[in-house]
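Remarks on the structure that follows.
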Amino acid sequence: MVKLFKWLKKYALLIVMLLLLAAPSVTSQYEFYVVQRGVQNAIHVLGLLILIGYSGMLSLGSAALLATGAYTYGILLVKVGLNPWVGAALAVALTTFIGTGLALPAFRLAGPFLVVTTVGFGEIVRILILNMEPITGGAYGLAGFAKLLPSTRWVYYLMVAALFLIAIAVKRIGESRLGLALKSLREDEVAAEVMGVDVRRAKMVSFALSAMLAGLSGVFLANLTGYLSPDSFTAAESASYLLMVVMGGMQSVTGAIVSSIVITSLPEVLRFLSSSRLLVYSLVLLVYLRLNWVRTGKGSLAGLMKTLGFPLGTGRAKDRS
Amino acid sequence: MTAAILLQLVLNGLAMGIIYSLPALGISLIWNASGLFNFAQGDLLTLGGYVMLSLFGKAGLPYIPSFIMTVAVMGIIGYALSQAYFYPMLEHRVNPQIILIGTVAFSVFIRNLVLVIWGTTPQTYKNPFGSSVLQIGELYLMPHVIWIVAIVAVLLITLQYFLRGTMVGTAMRAVAQRPTASYLMGIRNDRMIALTFMLSTAIAAVSGVLISPIIPLTPSMGGIIAVKAMAAVLIGGLGSFSGALLGGVAVGIAETLFAAFVSSTYRDIFIFGVLVLFLLFRPGGIFRASVSEKV
């Protein structure tokens, strides 16, 4: 049993990826769309994992970066008429640039101060999109742009491939010198600086990486839906991305991917709840936070299993890295 | 543009600003007492407004009893929240980031609870202060503007007396300053922190009740008010009583003037722009707060 757990843990990422590759053949068209959205969200959530999980900088404006990526792609294709691939590259580049700019307030601010700044940024972007109608289409939305690849299915495979590479990269970043620097930042900024971590550079890299993934996810979002509206980038959306990171354990790459896909598909499973869906989500999150963190002091799935009384494999590392 | 119109705009901005400054005060009180930042303050305000809608607008109770009942109900909710969620988390020294995420979840929870119970359509009830315009010289004012300012002034004086002049208020401030020392002096920290939550929820509810003549109630109105209240509290100085008040009033007046003279669509951007400038160049706010502590 213990061996099975260990084996599952070791190959969890590969198993998830194989399941995702098999998904188009076993799901109906609508279910497939949900899975696609799940994978697209997972790319964004992996970016947030670096920012929130590794470096401990909470952001509630992540939907705005997603919007930047998606809208830049859409505008470049519809209004400028660029090739989709060039548009995608420019969209990711611009989002990364703007996201790196967000690191500037983070040099001086921490905790709630930083969170409010990101909330403000999110609102600014949403209001700009809503009001710059000639460029963004305003409340009517933006449509009519081409896809990266002609078939939805190929876009999906491209997305899964990107997710796989990103997952490995994020995992390796977590174990690398940079990742350790970010984690030391989360635990104690002053101590990290004393140990020789370049705090500014680390924060900037963290913001840049997470913005880059948000931009990429935005490009894929535009590809999936073919239609962009400011309503999909509200503060509530940012909160649900936060939910995905937290439910994934805040440290684990596979956990983040699984939780993104599960939480994205929950509305379809919980269809009978209709409008009280978010009510249930937030309640689950609250109960999870309250029980899990108070009893075990850990935010991992392992902590939750312990809370619920499931047996666990032995030899679990004690530290939180 | 005469001076009278300018004065009128400033007074309207003042009424709006006071609405912002009450939740801002709640955020400040909670921050002082526990080092937590409550993102749900705006949605507690919404909930208060809707409770009032049920009691006054739907059940038809008189204004003053339903006002008092709303505030009492919200106070009990605040007390329960603290005892069930915030204090246990604080006691176990859970990472403040996690508790912050918890308050975000609370905000989503309350917003959707309101949506499920009361529905999405904007609702309003009869303006209890009368809807005939008052004319004083060249000034044209809605009576609720004067009432809001008066009610809140009385409330703030009472609150200040409670915090400075009574034993319980002193104990609350003691817990905020030195939790361990006050615990050793025989003060029950959990009760004091719960009381702080109760107080700040009740204050937010007052704001929710008073807001109705100005804007109709919608489940999501707490979001934008919360953002303004957070801006107010950071501009004024987190943890400072007068800072929250002044910050709220400044935000209210500034946005009214900006909407009147420059552009009403970019009003919110202007407020956030000012906030970002403040955070970058004077992070402590007008009344300097310590930015890096308690985080």
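Computed from a predicted structure; not experimentally measured. Naming convention: chains lettered A, B, ... in sequence-line order (proteins, then strands); numbering from 1 in each chain. Reckoned from all heavy atoms, side chains included, excluding hydrogens, waters and symmetry mates.
- Taking chain B as the reference chain and counting heavy-atom pairs below 4.5 Å, the highest number among A:Thr234, A:Val115, A:Leu130 is found for A:Val115.
- Between the side chain of B:Gln97 and the backbone N or O of A:Gly56 there is at least one donor-acceptor pair closer than 3.5 Å.
- Between atom CG of residue A:Leu60 and atom OG of residue B:Ser107 there is a gap of 9.0 Å, rounded to the nearest 0.5 Å.
- If you tally non-hydrogen atom pairs under 4.5 Å between each of B:Val104, B:Ile269, B:Ile271 and chain A, the highest count goes to B:Ile269.
- Only the side chain of B:Ile224 comes within less than 4.5 Å of a heavy atom in chain A; its backbone stays farther off.
- Residue A:Leu242 touches chain B through its side chain alone, counting heavy-atom pairs closer than 4.5 Å.
- With rounding to the nearest 0.5 Å, the separation of CZ in A:Arg126 from CG in B:Asp268 is 8.5 Å.
- Of the inter-residue distances, the one linking B:Phe272 atom CZ with A:Phe121 atom CZ reads 12.5 Å to the nearest 0.5 angstrom.
- Counting non-hydrogen atoms of neighbouring residues, nucleotides and ligands closer than 6.0 angstrom, the CZ atom of A:Phe107 exceeds 12 such neighbours.
- For the set A:Leu243, A:Val119, A:Ile127, the count of heavy-atom pairs under 4.5 angstrom toward chain B peaks at A:Ile127.
- The distance from atom CG of A:Leu283 to atom CG of B:Leu113, rounded to the nearest 0.5 Å, is 10.0 Å.
- Scanning all heavy atoms of the two residues, the minimum distance from A:Ser282 to B:Ala105 falls at CB-O, 3.4 Å.
- Atoms CG and CG, on A:Leu114 and B:Leu279 in that order, are 9.5 Å from each other to the nearest 0.5 Å.
- At a 4.5 Å heavy-atom cutoff, the contact between B:Leu275 and chain A is made by side-chain atoms alone.
- Top candidate by heavy-atom pairs under 4.5 Å with chain B, chosen from A:Ile52, A:Leu58, A:Leu285, is A:Leu58.
- Shortest non-hydrogen contact noted between A:Met250 and B:Ile98 is SD-CD1, 3.8 Å.
- Residue B:Tyr183 qualifies as open at atom OH: its count of foreign heavy atoms under 6.0 Å is 12 or below.
- Here the side chain of A:Arg290 pairs a donor or acceptor atom with the backbone of B:Ala84 at under 3.5 angstrom.
- In this structure, CG on A:Leu289 lies 10.0 Å from CZ on B:Phe106, to the nearest 0.5 angstrom.
- In this structure, the portions of B:Val108 lying under 4.5 Å from any heavy atom of chain A include both its backbone and its side chain.
- Within the 4.5 angstrom heavy-atom criterion, atoms from both the backbone and the side chain of B:Ile101 approach chain A.
- More than 12 heavy atoms of other residues, nucleotides or ligands shown are found within 6.0 angstrom of CZ on A:Arg37.
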